[in-house]
Student: 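Take this structure first; my questions come after.
Per chain, numbering begins at 1; letters A, B, ... match sequence-line order. It should be emphasised that the depicted structure is a prediction, and the values quoted were computed from it without experimental measurement.
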Amino acid sequence: MDYENIESFNEGIILKGVVNFELDHIFECGQCFRWNKQLDGNYIGVVNGKVIEVEKKETLVKIYNINEEEFNDFWCDYFDLKRNYSLIKEKFQADPLLERSVNFGHGIRLLQQEPFELTISFIISSNNRIPMIKRAINNLSQKWGKPIEYKGETYFTFPTVADLEGASLEDIQSCSLGFRAKYVKNTVHQIYIGEANLEFIKSCDDDICHEQLKKFNGIGPKVSDCIMLFSMQKYSAFPVDVWVKRAMQFFYLAPDVSLPKIRVFARDKFGNLAGFAQQYLFYYARENNIKIE
DNA sequence: TGCCAGGAAAAGA
DNA sequence: TCTTTTCCTGGC
């Protein structure tokens with residue numbers, strides 16, 4: 001457990017004695033697209049059909065718009081608060097190269113997100129940049145999700161499989177998905193007709209899960225690793241995007257090593273904690289804009 | 001205007 | 001099996 005106790009107040013809940021939890025680290029490490037930083041430093045996110053606001057002051061974490069029961073049923077796992085990140089970080093800190101990244105992103109946690117939303121979101125992420133990905137997901141949600149009010153603003157839930165199955169290719173394309181629209185359309189349909197089942201895929205062992213996800217149109221090794229790591233608790237996954245590639249080359253490997261070799265090297269080195277290592281490396285590389293050569 | 005960033009698919013070697 | 005080209009969009 002990475003918190004000591006929980007209390008309620010009129011607008012939500014307060015967690016006390018929270019460790020290994022930094023809002024910027026959690027929400028800017030590339031794992032999620034529906035959390036946005038506010039002017040006061042809080043983050044507001046649309047998750048699980050709700051709008052949630054999170055605030056952190058020293059070791060206190062306030063979560064607005066949920067009650068204690070909802071926290072215990074859902075949000076505690078969503079924020080991965082039952083895991084002791086200090087143990088993971090201790091193992092990584094034995095490696096002086098990784099230690100730099102771990103110290104830099106010391107408050108990172110891996111959110112346990114919803115498989116369908118993550119599958120569609122990471123198909124959209126391919127060959128795309130984070131602001132564009134966020135915009136496209138927002139467009140999809142505005143068109144097919146449900147509106148929710150929070151503090152006078154309207155937010156939209158992520159659409160369900162049935163919601164998106166009704167959308168035409170042109171409709172999806174109009175949400176600025178570009179060439180990825182057909183991948184989304186095809187994947188939604190496969191899931192809708194039961195040709196593929198994300199809950200079943202989630203129940204498989206890591207390597208089978210990885211291969212099953214790659215069968216979808218628009219999902220290659222990197223996107224597959226993201227989906228299994230961020231929504232299926234497959235922690236041996238090691239998504240190699242440009243930033244992780246740079247980080248691995250910077251810290252460990254020759255500058256011309258191929259993506260599959262980087263993945264194999266990392267999974268061999270970090271084992272079933274590879275996914276956690278990837279998050280620290282990604283955050284360090286991207287925030288520090290590291291360059292090779 | 002042209003060029004760049006960012007992964008998967010499909011064609012090519 | 002590995003390498004190259006194409007896809008789309010916004011920002012410089």
Student: Just how far, in rounded Å, is P of B:dA8 from CD1 of A:Ile124?
Tutor: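 To the nearest whole Å, that distance equals 14 Å.
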Student: To the nearest angstrom, how far is A:Arg129 atom CZ from C:dG10 atom P?
Tutor: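 Whole-Å distance recorded here is 11 Å.
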Student: Using whole Å, report how far NZ of A:Lys134 lies from P of B:dG6.
Tutor: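 My rounded result for the distance is 16 Å.
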Student: Just how far, in rounded Å, is C1' of C:dT9 from CD of A:Gln173?
Tutor: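 Atom CD in A:Gln173 sits about 13 Å away from atom C1' in C:dT9.
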Student: Do the non-hydrogen side-chain atoms of A:Phe158 and A:Ile137 ever get within less than 4.5 Å of each other?
Tutor: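 Yes, close enough: below the 4.5 Å cut-off.
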Student: Given C:dG10, B:dA8, B:dG6, identify the nucleotide with an atom nearest to the side chain of A:Met132.
Tutor: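 Output: C:dG10.
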Student: Is the closest side-chain heavy-atom distance between A:Ser121 and A:Gln113 below 4.5 Å?
Tutor: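 No, too far: nothing below the 4.5 Å cut-off.
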Student: Using a heavy-atom cut-off of under 4.0 Å over every strand shown, decide if A:Phe216 touches base, sugar-phosphate, or nothing.
Tutor: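 Result for A:Phe216 = sugar-phosphate.
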Student: Rounded to whole angstroms, how far apart are CD on A:Glu211 and C1' on B:dA8?
Tutor: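 Spelled out: CD on A:Glu211 to C1' on B:dA8 is 15 Å.
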Student: Return a table of donor-acceptor pairs under 3.5 angstrom between the side chains of residues 221-231 of chain A and protein atoms on other chains or two or more places apart.
Tutor:
from, atom 1, to, atom 2, distance (Å)
A:Ser224, OG, A:His210, O, 2.9
A:Ser224, OG, A:His210, ND1, 3.2
A:Asp225, OD1, A:His210, ND1, 3.1
A:Asp225, OD1, A:Arg263, NH2, 3.1
A:Asp225, OD2, A:Arg263, NE, 2.6
A:Ser231, OG, A:Ile227, O, 2.8

Student: Specify the separation, in whole Å, of atom CG of A:Leu259 and atom C1' of B:dG6.
Tutor: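 Whole-Å distance recorded here is 12 Å.
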Student: For a 4.5 angstrom cut-off between non-hydrogen side-chain atoms, does A:Phe79 reach A:Val61?
Tutor: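 No, too far: nothing below the 4.5 Å cut-off.
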Student: Heavy atoms under 4.0 Å, any strand shown: does A:Ile123 hit a base, just sugar-phosphate, or nothing?
Tutor: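 No contact.
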Student: Report yes if at least one side-chain N or O of A:Trp243 is closer than 4.0 Å to OP1 or OP2 of B:dG6; otherwise report no.
Tutor: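 Yes, within the criterion.
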Student: Does A:Leu164 reach the side chain of A:Tyr192, with side-chain heavy atoms less than 4.5 Å apart?
Tutor: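 They are not in side-chain contact.
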Student: Would you say B:dG6 has OP1 or OP2 under 4.0 Å from some side-chain N or O of A:Arg246?
Tutor: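 Looking at the OP1 and OP2 atoms of B:dG6, one of them is under 4.0 Å from a side-chain N or O of A:Arg246.
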Student: What is the distance from NZ of A:Lys245 to C1' of B:dG6, rounded to the nearest Å?
Tutor: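 For the pair A:Lys245 NZ and B:dG6 C1', the rounded distance is 12 Å.
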Student: Under 4.0 Å from OP1 or OP2 of C:dG10: is there any side-chain N or O of A:Arg135 that close?
Tutor: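 For A:Arg135, the contact criterion (side-chain N or O under 4.0 Å from OP1 or OP2 of C:dG10) is met.
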Student: Give the nucleotide from the list B:dG6, B:dA9, B:dA8 with an atom nearest to the side chain of A:Asn128.
Tutor: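 Among the listed nucleotides, the one closest to the side chain of A:Asn128 is B:dG6.
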Student: Only distances under 3.5 Å count here; give the side-chain donor-acceptor pairs of residues 14-33 of chain A to other protein atoms, sequence neighbours excluded, each with its distance to 0.1 Å.
Tutor:
from, atom 1, to, atom 2, distance (Å)
A:Lys16, NZ, A:Glu7, OE1, 3.4
A:Lys16, NZ, A:Glu7, OE2, 3.0
A:Asn20, OD1, A:Lys89, NZ, 2.7
A:Asn20, ND2, A:Asp2, OD2, 3.2
A:Asn20, ND2, A:Ser86, OG, 3.0
A:Glu22, OE2, A:Lys56, NZ, 3.1
A:Asp24, OD1, A:Lys37, NZ, 3.1
A:Asp24, OD1, A:Tyr43, OH, 2.7
A:Asp24, OD2, A:Lys37, NZ, 3.3
A:His25, ND1, A:Gly107, N, 2.9
A:Glu28, OE2, A:Tyr43, OH, 2.7
A:Gln31, OE1, A:Leu111, N, 2.8
A:Gln31, NE2, A:Ile26, O, 2.9
A:Gln31, NE2, A:Arg109, O, 2.8

Student: For the pair A:Arg267 and A:Asp207, find out whether any cationic side-chain nitrogen is under 4.0 Å from an anionic carboxylate oxygen.
Tutor: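 Salt bridge flag = yes for A:Asp207 with A:Arg267.
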Student: Rounding to an integer number of Å, can you tell me how far A:Glu170 CD sits from C:dC8 P?
Tutor: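 Taking CD of A:Glu170 and P of C:dC8, I get 13 Å after rounding.
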Student: Please list residues of residues 176-186 of chain A whose heavy atoms come under 4.0 Å from any atom in DNA chain B, ordered by number; otherwise none.
Tutor: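 Of all residues in residues 176-186 of chain A, the ones placing a heavy atom under 4.0 Å from DNA chain B are A:Phe179, A:Arg180, A:Tyr183.
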